Enquirer: 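Have a look at the structure that comes next, please.
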Amino acid sequence: MAALQASLRPLKAINFATNPSTSRSTTARRFVSFRCSAAASVASRGYSITLLPGDGIGPEVVSVAKDALALAGSYEGIEFRFREMMVGGAALDGVGIPLPEETLEVAKQSDAVLLGAIGGYKWDANEKHLKPETGLLQLRAGLGVFANLRPATVLPQLIDSSTLKREVAEGVDIMVVRELTGGIYFGKPRGFGHNERGEDIGFNTEVYSASEIDRIARVAFEVARKRQGKLCSVDKANVLEASMLWRRRVTALATEFPDIQLSHMYVDNAAMQLVRDPKQFDTIVTNNIFGDILSDEASMLTGSIGMLPSASVSESGPGLFEPIHGSAPDIAGQDKANPLATVLSAAMLLRYGLGEENAAKRIENAVIETLDRGFRTGDIFSTGMTLVGCRRMGEEVLKCMESQKQVTVAV
């Protein structure tokens, strides 16, 4: 339990706003921008949550997380107003586009957004603008969520689920801070064309501005400050100009954080080191595409991608909280999905999105107790444990939450 909560501990000192005019004027909206320390001053205990179940196993896991949020909130005097909207393949089937305008507007007006999963084989052949994943990129851009936090913690209960040797996996506790709205996924020019020989070509642009690098680096330094004080910046500065600028800006910003031990590592080496000696890492900061790859690699250190949550936050406005796993269409509707990554994403929503630390701890404690009692979905099952489905796992989490004593935040 200590390892999990250390990975997800609140970042009370963070204030992303660089321009005071961008801050929300209403008290109830202040915490979606990661300024959790003011939570205790909020008189209103009601929050609006946009639910985006999405595709595949998304509706199953979001349903479990919704129940966990509601129960944790009820113990802390919090009332949630949930509104479910379409996105991804579900939206394509429903209205013909992956991100309806109404979905984005509802999400923007909420206090936080909880997403299930997006995508599936059904839409793989669609043109790019009609792919479910395009809706996710549009959602991130529309919400302005530029910082993605992905913890990878090897829990003692699941250490034997890791594919690594016990002595390598034991004690791993990493936070990957990924830049989310820049880089090659959004850079222009991009597209298709022909070269001088008449051959078809496809091209993308990896581009970052100094301000984009500075703001994600600042978040990462603050995250590292709340953890073990070590930050590794991952780039490819020996080849890519965008990475050369990245390293230069991160190094310059380090002078503002003399208490943080900064190191740099090329992405290919980082990929190798994550498998060889993952405990050398505490906090990692990197660009969009490298972060996409490395965070998925880090997730498998824990034994299952079905256990890991994520938080995506902005300078102001609602955060986006989601499990890092995909839609798993091959098991969708079969009650086989592991809902714990989504449940833990709900805990991150409470902590980072709303500043509700007690409610977040209730969920985390319930997840740990459920694992302690031996309940496992198929992806984390081992001999001697009790194999359960998605719904039953959710029910056990709720039972554990109901049995908890009062949770208080240590000051």
Side-chain angles (χ1 to χ4, degrees), residues 7-8 10-11 14-17 22 29 31-36 49-54 58 61-62 65 85 87-88 99 103-104 106-119 132-152 174-183 185-186 212 215-220 222-223 283-296 298-299 305 308-326 341-355 360:
S7 214
L8 302 180
L11 309 180
I14 290 184
N15 184 331
F16 288 167
T22 64
R29 295 295 293 258
F31 314 107
V32 293
S33 59
F34 231 12
R35 294 183 288 275
C36 300
I49 308 298
T50 298
L51 300 176
L52 303 178
V61 296
V62 165
M85 305 298 293
V87 71
L99 181 64
T103 295
L104 181 57
V106 168
K108 284 181 175 180
Q109 294 306 312
S110 64
D111 293 303
V113 181
L114 182 65
L115 173 68
I118 281 180
E133 295 79 7
T134 297
L136 177 58
L137 294 178
Q138 292 171 341
L139 177 65
R140 289 170 176 170
L143 293 176
V145 287
F146 70 91
N148 179 236
L149 279 66
R150 293 190 176 188
I174 301 169
M175 179 72 82
V176 179
V177 181
R178 169 191 172 192
E179 201 290 322
L180 201 60
T181 56
Y185 291 169
F186 292 91
E212 287 176 318
R215 69 177 182 177
I216 190 65
R218 193 175 298 279
V219 171
E222 293 284 7
V223 169
T283 305
I284 294 173
V285 62
T286 191
N287 68 13
N288 204 339
I289 189 170
F290 297 163
D292 192 2
I293 297 166
L294 293 178
S295 59
D296 278 3
S299 73
I305 200 170
L308 299 183
S310 75
S312 301
V313 293
S314 66
E315 291 180 328
S316 64
L320 176 64
F321 303 85
E322 59 182 308
I324 75 168
H325 61 66
T342 313
V343 171
L344 291 171
S345 294
M348 293 188 82
L349 181 155
L350 288 164
R351 175 173 288 123
Y352 294 121
L354 306 178

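In this text, all values refer to a predicted model and were calculated from it rather than measured experimentally. Heavy-atom basis, side chains included; hydrogens, waters and symmetry copies ignored.
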Enquirer: Can you measure from CE (M85) to CG (L115) and round to the nearest 0.5 angstrom?
Expert: 13.5 Å

Enquirer: Does the side chain to side chain contact (heavy atoms under 4.5 Å, CB included) test come out yes or no for I305 and D296, once each step is laid out?
Expert: CA-CA 7 Å; I305 200 170; D296 278 3; 4.2 Å; yes

Enquirer: Which heavy atom in S299 sits nearest to a heavy atom in I324, and how many Å separate them?
Expert: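 Where S299 meets I324 most closely, the heavy atoms are CB-CD1, 3.4 Å.
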
Enquirer: Supply the atom-to-atom distance H325 NE2 to T342 OG1, rounded to the nearest 0.5 angstrom.
Expert: 4.0 Å

Enquirer: Do you know which two heavy atoms are closest between L349 and A112, and how far apart they sit?
Expert: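 Looking at all heavy atoms of both residues, the closest pair is CG-CB, 3.6 Å.
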
Enquirer: Distance check, rounded to the nearest 0.5 Å: I216 atom CD1 versus N148 atom CG?
Expert: 8.0 Å

Enquirer: Taking all non-hydrogen atoms of both residues into account, name the closest pair between T283 and A220 and its distance.
Expert: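 Of all heavy-atom pairs spanning T283 and A220, the closest is CG2-O, 4.0 Å.
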
Enquirer: Looking at every heavy atom in both P323 and G116, which two are closest together, and how far apart are they?
Expert: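 So the minimum-distance heavy-atom pair works out to CG-O, 3.3 Å.
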
Enquirer: Donor-acceptor check, side chain of S345 to backbone of E322, threshold 3.5 angstrom: yes or no?
Expert: yes

Enquirer: Quick one, L143 with K108, criterion side chain to side chain contact (heavy atoms under 4.5 Å, CB included). Give me CA distance, side-chain angles, the key distance, then yes/no.
Expert: CA-CA 6 Å; L143 293 176; K108 284 181 175 180; 4.0 Å; yes

Enquirer: Checking the side chain of T103 only, and the main-chain atoms of L99 only, is there a donor and an acceptor separated by less than 3.5 Å?
Expert: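 Pair absent, no side-chain N/O of T103 close to backbone of L99.
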
Enquirer: Output the distance between atom CZ (F321) and atom CG (L149), rounded to the nearest 0.5 Å.
Expert: 9.5 Å

Enquirer: For L308 and P151, which heavy atoms make the closest approach, and how far apart are they?
Expert: CD2-O, 3.6 Å

Enquirer: Hey, does S314 have a side-chain heavy atom less than 4.5 Å from the side chain of V145?
Expert: yes

Enquirer: Can you give me the closest heavy-atom contact between A147 and V219, atom names plus distance?
Expert: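 Heavy atoms only, the tightest pair is CB-CG1, 4.3 Å.
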
Enquirer: Look at the side chain of Q138 and the backbone N and O of R140, then say whether any donor-acceptor pair between them is shorter than 3.5 Å.
Expert: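 No, because the side chain of Q138 does not come within donor-acceptor range (under 3.5 Å) of the backbone of R140.
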
Enquirer: Starting from the C-alpha separation in whole Å, work towards a yes-or-no answer on side chain to side chain contact (heavy atoms under 4.5 Å, CB included) for L139 and L52.
Expert: CA-CA 11 Å; L139 177 65; L52 303 178; 3.6 Å; yes

Enquirer: The test is side chain to side chain contact (heavy atoms under 4.5 Å, CB included); show your working for L320 and L180 and say whether it passes.
Expert: CA-CA 11 Å; L320 176 64; L180 201 60; 5.9 Å; no

Enquirer: Between atom OH of Y185 and atom CG of D292, what is the distance when rounded to the nearest 0.5 Å?
Expert: 3.5 Å

Enquirer: Please examine the side chains of R178 and S310, heavy atoms only from C-beta on, and report whether any two atoms are closer than 4.5 Å.
Expert: no

